Q: 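This is the structure I have questions about; it appears just below.
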Amino acid sequence: MALKELQHLYWRAGFGIHPETMHALPKRRNDVVEQLFADSKSSTPLQLDLSFMEGVTIKKIKDNPEFAKDIRDKSRKKLRDLNYAWIHQLAQPKELLREKMTLFWANHFVCKSNNVVFAQQFNNTLRVHALGDFKAFVKAISKEAAMLKYLNGNQNRKAKPNENFARELMELFTLGEGHYSETAIKESARAFTGYNHDFEGNFNFKNKQHDEGLKTFFGKTGNFSGDDIVDIILENKQCAVFISDKIYRYFVNPKPNKKHIQAMAEVFFKDYNIENLMRFVFLSDWFYDESNIGSKIKSPIEYLVGLTNTVPVTFEKERDLIKIQKLLGQTLLDPPNVAGWKGDKAWIDANTIMVRLKLPSVILNNAVIASGEHDEFKKKFMKKHKGKLPFKTQPNWTAFLENFEAVETKDLQDYMLQGTINKGTSDYLKTLRKVSKQAYCVQLMSLPEYQMC
């Protein structure tokens with residue numbers, strides 16, 4: 001595979017690639033892609049120490065307000081720890097493609113929970129199913145404690161069905177807007193009645209709360225369960241098209257190509273196997289078209305993880321990772337709403353572009369931001385810190401130099417920038433050829449072109 005193709009593949013299937021790693025890969029595209037999947041066969045769960053929840057019961061929570069507040073406070077702190085753990089796992093994954101797919105699915109099956117037990121369990125469910133059977137995936141999501149609470153599934157009872165999950169199941173998770181009726185929502189909501197969970201987050205089906213009556217859904221009538229509804233939805237090819245479209249926009253190009261999406265849908269509709277769909281994408285010639293390389297704005301997490309993948313960084317205070325995510329506009333485990341982050345051009349505005357262009361200097365150089373820089377940037381984080389950002393870091397430049405040892409300084413841009421470099425940027429880079437490899441790296445990361453992958 002050509003250098004540009006390898007870079008493209010590893011930015012879409014991961015968060016970039018080092019020259020040292022690249023040179024150790026097989027030469028043929030098929031073999032490279034197969035290795036990606038082979039390396040992601042297993043799943044490494046996030047596992048925090050949640051022993052503070054041992055012995056906690058609903059009765060203890062209800063009977064003791066102070067105890068309940070203490071548990072909530074500890075859960076909130078552990079949610080921050082879960083965020084850090086996820087960031088670290090993305091930056092140093094054992095299963096690269098599985099972790100990238102987990103990140104993708106987290107913004108598809110959008111969910112938010114203040115209960116760290118439920119949040120960790122949900123995140124690991126995404127990871128387990130990330131490359132598996134989509135039908136089993138949807139059914140598992142419908143039974144997750146975090147999702148049941150988030151979309152009021154645990155309030156969905158025979159006498160008074162709650163339609164929240166049924167609506168989002170079709171609109172956001174499987175079919176897309178306009179491909180279902182209000183009647184379909186009402187009938188499918190009845191099928192999911194009785195879904196609940198226990199205090200530990202285990203699925204708990206309550207028979208007495210389930211509607212056993214006949215439901216008519218998409219032209220079929222029966223005493224359907226929630227799983228039956230999922231089966232019927234996936235019989236509609238629109239589901240394969242909808243998911244293929246989202247995967248195309250995320251992994252290939254934000255501008256959809258109907259021909260390629262239709263080809264993906266044909267593959268996906270056969271068995272709803274996510275791995276087979278992704279293999280088809282990564283082995284297709286059109287995936288490597290010039291028009292797709294460098295066509296995507298990095299999400300804040302892709303940007304942050306990609307930066308630390310190139311130059312490993314240790315933050316003196318881990319909570320700074322949360323500050324940076326908030327600065328950039330994407331905080332893991334804290335989506336803005338059930339539709340998730342819009343992505344693409346929504347990642348960049350007047351504030352976030354200034355943050356992105358300054359962060360490499362701040363994180364990797366402990367830079368002082370001069371007065372007169374962007375007002376919003378300065379107002380939020382610099383005033384009380386006397387011109388400095390409150391991020392104390394230890395960049396591992398030794399690891400960077402080892403990984404890029406065989407690359408000359410002037411050639412770093414071939415490994416760090418995707419897509420087309422405009423003439424102004426090219427001319428500017430020529431003036432930097434005599435700087436150190438580390439300084440050149442920081443300058444490359446501070447370019448508008450670095451925001452693309």
Side-chain angles (χ1 to χ4, degrees), residues 58 105 108-111 113 118 121-122 124-126 128-130 132-244 246 265 268-274 338-339:
I58 294 177
W105 290 119
H108 177 75
F109 294 114
V110 178
C111 185
S113 177
F118 296 176
Q121 180 177 294
F122 185 84
N124 286 327
T125 294
L126 295 176
V128 166
H129 291 276
D133 175 6
F134 183 71
K135 184 181 290 188
F137 198 175
V138 179
K139 291 176 181 178
I141 289 296
S142 73
K143 299 178 176 74
E144 276 293 316
M147 184 62 79
L148 285 166
K149 190 173 181 181
Y150 185 58
L151 292 181
N152 310 114
N154 53 0
Q155 299 173 21
N156 190 14
R157 298 178 176 86
K158 176 171 58 176
K160 193 176 181 181
N162 185 295
E163 299 172 5
N164 283 3
F165 178 76
R167 183 181 301 277
E168 307 307 353
L169 171 66
M170 288 181 276
E171 180 176 331
L172 298 177
F173 301 161
T174 58
L175 297 174
E177 194 173 358
H179 295 280
Y180 55 90
S181 66
E182 288 298 314
T183 299
I185 293 171
K186 294 181 183 300
E187 292 293 279
S188 59
R190 293 173 56 210
F192 285 98
T193 51
Y195 274 37
N196 216 308
H197 59 83
D198 63 20
F199 192 72
E200 287 75 35
N202 302 303
F203 178 65
N204 184 3
F205 183 72
K206 297 191 174 183
N207 287 293
K208 291 182 178 180
Q209 294 178 4
H210 178 66
D211 186 336
E212 295 284 355
L214 294 178
K215 300 107 182 168
T216 299
F217 182 73
F218 285 9
K220 296 188 175 185
T221 300
N223 178 17
F224 299 135
S225 66
D227 284 357
D228 293 331
I229 293 296
V230 174
D231 289 338
I232 295 169
I233 289 174
L234 269 63
E235 289 174 4
N236 186 341
K237 194 174 183 180
Q238 169 57 25
C239 179
V241 173
F242 179 68
I243 300 300
S244 295
K246 289 197 74 169
F268 197 42
F269 190 58
K270 290 177 183 176
D271 55 12
Y272 282 105
N273 184 291
I274 301 166
V338 69

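As the structure is a prediction and not an experimental result, all values here were calculated from the model.
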Q: Would you mind reporting whether Asp228 and Phe217 have side-chain heavy atoms less than 4.5 Å apart?
A: no
Q: Would you please name every residue forming a salt bridge (charged side-chain N to carboxylate O under 4.0 Å, His left out) with Lys270, sequence neighbours left out?
A: none
Q: Look up atom CZ in Phe242 and atom CD1 in Ile233, then write down how far apart they are to the nearest 0.5 Å.
A: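 Between atom CZ of Phe242 and atom CD1 of Ile233 there are 11.5 Å.
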Q: Do you know which two heavy atoms are closest between Ile229 and Phe224, and how far apart they sit?
A: CD1-CB, 4.2 Å
Q: For Lys149, which residues count as a side-chain hydrogen bond (donor to acceptor under 3.5 Å, both in side chains) partner, sequence neighbours excluded?
A: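 With sequence neighbours excluded, Lys149 shows a side-chain hydrogen bond (donor to acceptor under 3.5 Å, both in side chains) to no residue whatsoever.
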Q: How would you list all residue pairs meeting salt bridge (Lys or Arg N to Asp or Glu O under 4.0 Å) that involve residues 201-213, not counting sequence neighbours?
A: Arg190-Asp211
Q: Working to the nearest 0.5 angstrom, can you tell me the gap between Asp271 CG and Phe134 CZ?
A: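 Between Asp271 CG and Phe134 CZ, I get 13.0 Å after rounding to 0.5 Å.
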Q: Quick check on the 6.0 Å ring-centre criterion: do Phe118 and His197 meet it?
A: yes
Q: With sequence neighbours excluded, what pairs up with Phe218 under the ring-ring contact (aromatic ring centres under 6.0 Å, His included) test?
A: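 ring-ring contact (aromatic ring centres under 6.0 Å, His included) check on Phe218 returns nothing, list empty.
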Q: Of all residues at least two apart in sequence or in a different chain, which pass the salt bridge (charged side-chain N to carboxylate O under 4.0 Å, His left out) check with Lys158?
A: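 Partners of Lys158 under the salt bridge (charged side-chain N to carboxylate O under 4.0 Å, His left out) test: none.
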Q: Restricting to side-chain hydrogen bond (donor to acceptor under 3.5 Å, both in side chains), what partner residues turn up for Thr216, sequence neighbours left out?
A: Thr221
Q: Could you tell me the separation between the CG atom of Leu234 and the CG atom of Leu175, rounded to the nearest 0.5 Å?
A: 8.0 Å
Q: Under 4.0 Å between a Lys/Arg side-chain N and an Asp/Glu carboxylate O for Asp133 and Lys139?
A: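 No, this pair does not count.
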Q: Going from CD on Gln209 to CZ on Arg157, what distance comes out if it is rounded to the nearest 0.5 angstrom?
A: 5.0 Å
Q: Using 30° and 60° as the class boundaries, would you call the ring planes of Phe165 and Phe192 parallel, tilted or perpendicular?
A: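 Perpendicular.
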Q: Can you list the steps and then say if Tyr180 with Ile185 is a side chain to side chain contact (heavy atoms under 4.5 Å, CB included)?
A: CA-CA 8 Å; Tyr180 55 90; Ile185 293 171; 3.5 Å; yes
Q: Return the set of residues passing side chain to side chain contact (heavy atoms under 4.5 Å, CB included) with Thr125 (not counting sequence neighbours), or none when no residue passes.
A: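 If we apply the side chain to side chain contact (heavy atoms under 4.5 Å, CB included) test to Thr125, skipping adjacent residues, the hits are His129, Ala140, Ile141, Glu144.
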Q: Heavy atoms, side chains only, cut-off 4.5 Å: are Phe268 and Val241 in contact?
A: no
Q: Can any side-chain N or O of Gln121 pair as donor or acceptor with the backbone N or O of Gly201 at less than 3.5 Å?
A: yes
Q: Take a 6.0 Å sphere around CD of Glu235 and say whether it holds more than 12 heavy atoms from other residues, nucleotides or ligands.
A: yes
Q: Excluding sequence neighbours, so at least two apart, what forms salt bridge (charged side-chain N to carboxylate O under 4.0 Å, His left out) with Arg167?
A: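 With neighbours one apart ignored, the set is Glu163, Glu182.
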Q: Applying salt bridge (charged side-chain N to carboxylate O under 4.0 Å, His left out), can you list everything that pairs with Lys135, at least two apart in sequence or on another chain?
A: Asp231
Q: Kindly determine whether Phe109 and Phe122 satisfy side chain to side chain contact (heavy atoms under 4.5 Å, CB included), including the steps that lead there.
A: CA-CA 10 Å; Phe109 294 114; Phe122 185 84; 4.3 Å; yes
Q: Measure the OH-CG distance between Tyr195 and Leu148 for me, rounded to the nearest 0.5 Å.
A: 8.5 Å
Q: Within the 4.5 Å heavy-atom criterion, are Thr174 and Leu169 side-chain neighbours or not?
A: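 A side-chain contact under 4.5 Å exists here.
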Q: Would the distance check show the side chain of Asn156 and the main-chain N or O of Asn162 forming a donor-acceptor pair, the cut-off being under 3.5 Å?
A: yes
Q: If the condition is ring-ring contact (aromatic ring centres under 6.0 Å, His included), which residues does His108 pass it with, not counting sequence neighbours?
A: Trp105
Q: Just jot down the side chain to side chain contact (heavy atoms under 4.5 Å, CB included) partners of Asn207, sequence neighbours excluded, or say none.
A: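 Asn207 satisfies side chain to side chain contact (heavy atoms under 4.5 Å, CB included) with Phe205 once adjacent residues are dropped.
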Q: Atom SG of Cys239 and atom CE of Met170: how far apart are they, to the nearest 0.5 Å?
A: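 Between atom SG of Cys239 and atom CE of Met170 there are 12.0 Å.
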Q: Please enumerate all residues that pass side chain to side chain contact (heavy atoms under 4.5 Å, CB included) together with Tyr150, with sequence neighbours excluded.
A: Val110, Cys111, Lys112, Met147, Val338
Q: Test side chain to side chain contact (heavy atoms under 4.5 Å, CB included) on Val128 and Phe137 and set out the steps.
A: CA-CA 9 Å; Val128 166; Phe137 198 175; over 6 Å; no
Q: For a quick test of reading the model, state the closest non-hydrogen atom pair linking Ala265 to Ala240 and the distance between them.
A: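 Result for this residue pair: O-CB, 3.7 Å.
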